[in-house]
Protein chains: 2
Amino acid sequence: MSPDPPHVPAASRPHTGRRRNPAVRQAVLDRAADLLARSEGIAVSIDAIAQAAGVSKHTIYRWWPSKGAVLLEAVVERAQEEVTIPDTGALATDLETFLADTFRAVEREGALLRGLMAEALRETTAAQGMREFVAARRNELRALLMRGQERGELPAETDLELTMDQIYGLMWYRLLIAQSPLTAGVAAELTRAITRPA
Amino acid sequence: MSPDPPHVPAASRPHTGRRRNPAVRQAVLDRAADLLARSEGIAVSIDAIAQAAGVSKHTIYRWWPSKGAVLLEAVVERAQEEVTIPDTGALATDLETFLADTFRAVEREGALLRGLMAEALRETTAAQGMREFVAARRNELRALLMRGQERGELPAETDLELTMDQIYGLMWYRLLIAQSPLTAGVAAELTRAITRPA
DNA sequence: CCATTGTCGGAACTGTCAGTTTCGTCAAAT
DNA sequence: ATTTGACGAAACTGACAGTTCCGACAATGG
């Protein structure tokens, strides 16, 4: 997930030469996310990111293998502190809160996620990274659902993987295809549909 | 959906000059679909389609406004006769059959749909066309679900739009992101989840 | 038969963009 | 002071979408 420096100093010789400027990394990621979020539809070029960040293209390609990798890391960094995993003891409450938080974050960073998806569809490294990112998010949701299932709030025979596909599927579908909103109301309704008492 | 001829003959003067060669249209669409289905991951270029179809690029751009439009029409044409809408009188049976058929078609033309999605994410006309295509598919499913709802096989308060988002969402999610299979078993399980007795 | 209208292939062209390379500069560590 | 490596500037390559120009050819109307 983090950038892959091509010149890794050997363990024996700790370091020589000028050190990497951390401000560069941050500037690139921040401006990449900004540009992506702003320029709805139009693709964001590496040149544009470089110029906006006040950084040379060379430097970007020193630390990231491709444009997709930059976008991916920008998304991951933004998404990191967006959603907390609730644990109130009631599945319906936990799920609705989680979904509402997630949807809000997705609505805010929608253009960014669309741009990332576009990249993932034409570049293997971005696709791989995105699958890892998505898997991490799934793990959070799975834990939440399993707690509910263990408490008997969800039938034991419910296939959680399928349920998660329905949830995240709906989210991406609305984001990418239908372009319909992901409101708190949708979170509530979806929660009702999933936890519908048997 | 159909190509938009830039030189529409006026109604008063029926036609003059050489007529359009229908074989060209078919060759372009067929080879576009083939290339798209085959070249998993790598984008298909207009030059490649033109060469494979034995047609000049000029001719393609005479009849289609953009690459996305070509891909879209190729997909639509392939999808036209793939799925029939069952009406057996039992929602569970109808839905499972419909989903199994749909999933089989999607599995077969997965690369094609991914290519189309990539195009739709960076081009407005392709995105617009895809939304229309998707809406048409939704209408079929909606009719199927409504019949079941009227028979009381689905609670009256079930939001069909949300249900369809869950179904098509799962499909696209697996196709685009998870890259997990869409088997007949998934169709059965999803049907159970949707028609779960209250 | 012949002028007109429009289709088609070939090929050159423009513009954009990802990714590479070269060069010169500057900072940190020995 | 010398080495190692980070950085900017800028030129470059190659791919590709979309455009334009040309010349050939086919259908139609007179």
Side-chain angles (χ1 to χ4, degrees), chain A residues 3-10 12-28 32 35-36 39 41-71 115 118-126, chain B residues 3-10 12-28 32 35-36 39 41-71 115 118-126:
Chain A
D4 207 23
H7 308 298
V8 186
S12 56
R13 183 170 46 71
H15 197 268
T16 41
R18 184 177 180 172
R19 251 70 95 26
R20 176 180 187 181
N21 182 0
V24 165
R25 175 178 178 276
Q26 209 48 239
V28 168
L35 283 175
L36 208 44
S39 72
I42 322 105
V44 172
S45 70
I46 283 282
D47 294 80
I49 296 172
Q51 189 173 354
V55 153
S56 97
K57 204 160 59 149
H58 180 92
T59 303
I60 294 182
Y61 279 107
R62 181 188 307 274
W63 300 108
W64 289 276
S66 67
K67 191 175 87 161
V70 176
L71 267 42
E119 213 54 35
L121 280 173
R122 51 162 230 96
E123 217 220 334
T124 326
T125 73
Chain B
D4 208 22
H7 308 299
V8 185
S12 55
R13 183 174 46 70
H15 197 265
T16 40
R18 182 177 182 171
R19 255 71 94 26
R20 177 180 187 180
N21 181 1
V24 164
R25 175 177 177 276
Q26 208 48 236
V28 169
L35 283 175
L36 208 43
S39 73
I42 321 107
V44 173
S45 70
I46 282 283
D47 294 80
I49 295 173
Q51 189 173 351
V55 151
S56 96
K57 204 161 58 149
H58 180 91
T59 302
I60 294 183
Y61 279 108
R62 181 188 308 275
W63 298 108
W64 288 274
S66 67
K67 191 175 86 162
V70 177
L71 268 41
E119 212 53 37
L121 280 172
R122 49 163 231 93
E123 216 218 335
T124 325
T125 74

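Chain letters run A, B, ... following the sequence lines, proteins first and then strands; every chain starts at 1.
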Where the side chain of A:Asp47 is concerned, which of C:dG9, D:dA17, C:dA18 is the nearest nucleotide? C:dA18
Heavy atoms from C-beta onward define the side chain here; which of C:dG9, C:dA18, D:dG8 lies closest to that of A:Ser45? C:dA18
Report, one pair per line, the protein and nucleotides 14-16 of chain C atoms (nitrogen or oxygen only) whose separation is under 3.5 Å.
none

Can you confirm whether A:Lys67 sits close enough to A:Glu123 that some side-chain heavy atom of one is under 4.5 Å from a side-chain heavy atom of the other? no
Separation of [X] atom [atom1] from [N] atom [atom2], in whole Å?
X: A:Arg20; N: D:dG5; atom1: CZ; atom2: P; value: 15 Å
X: B:Gln51; N: D:dA15; atom1: CD; atom2: C1'; value: 15 Å
X: A:Tyr61; N: D:dA9; atom1: OH; atom2: C1'; value: 16 Å
X: B:Arg25; N: C:dC8; atom1: CZ; atom2: P; value: 13 Å
X: B:Lys67; N: D:dA15; atom1: NZ; atom2: P; value: 15 Å
X: A:Leu71; N: C:dA18; atom1: CG; atom2: P; value: 10 Å
X: A:Trp64; N: C:dT20; atom1: CH2; atom2: P; value: 15 Å
X: B:Ile42; N: C:dA18; atom1: CD1; atom2: C1'; value: 17 Å

[X] side chain N/O closer than 4.0 Å to the phosphate oxygens (OP1, OP2) of [N]?
X: A:Thr59; N: D:dA6; answer: no
X: A:Arg62; N: D:dC7; answer: no
X: A:Trp63; N: D:dC7; answer: yes

With sequence neighbours left out, the residues meeting side-chain contact (heavy atoms from CB on, under 4.5 Å) with B:Ala53 are B:Ala27, B:Val28, B:Arg31, B:Val55
Those residues at least two apart in sequence (or on a different chain) that pass side-chain hydrogen bond (donor to acceptor under 3.5 Å, both in side chains) with B:Thr59 are B:Ser56
Look at all strands and tell whether A:Val44 reaches a base, only sugar-phosphate, or nothing, counting heavy atoms closer than 4.0 Å. sugar-phosphate
To check you understand the geometry: which heavy-atom pair defines the closest contact between [X] and [Y], and what is its length?
X: B:Ala120; Y: B:Ala126; answer: CA-CB, 3.9 Å
X: B:Ala32; Y: B:Val70; answer: CB-CG1, 4.1 Å
X: B:Arg20; Y: B:Pro22; answer: O-CD, 3.2 Å

By nearest heavy atom, map A:Asn21 and B:Glu123 onto DNA chain D; which one lands nearer the 5' end? A:Asn21
Can you measure from CG (B:Leu121) to CD (B:Glu119) and round to the nearest 0.5 angstrom? 9.5 Å
Roughly how far, to the nearest 0.5 Å, is the CH2 atom of B:Trp64 from the CZ atom of B:Arg25? 6.5 Å
Could you tabulate the donor-acceptor pairs under 3.5 Å formed by side-chain atoms of residues 41-52 of chain A, not counting sequence neighbours?
residue: A:Ser45; atom: OG; partner: A:Ala48; partner atom: N; Å: 3.1

For each nucleotide in nucleotides 21-28 of chain C, reading 5' to 3', give B when a protein heavy atom comes within less than 4.0 Å of its base, S when such contact involves only the sugar-phosphate, and - otherwise. BB---BBB
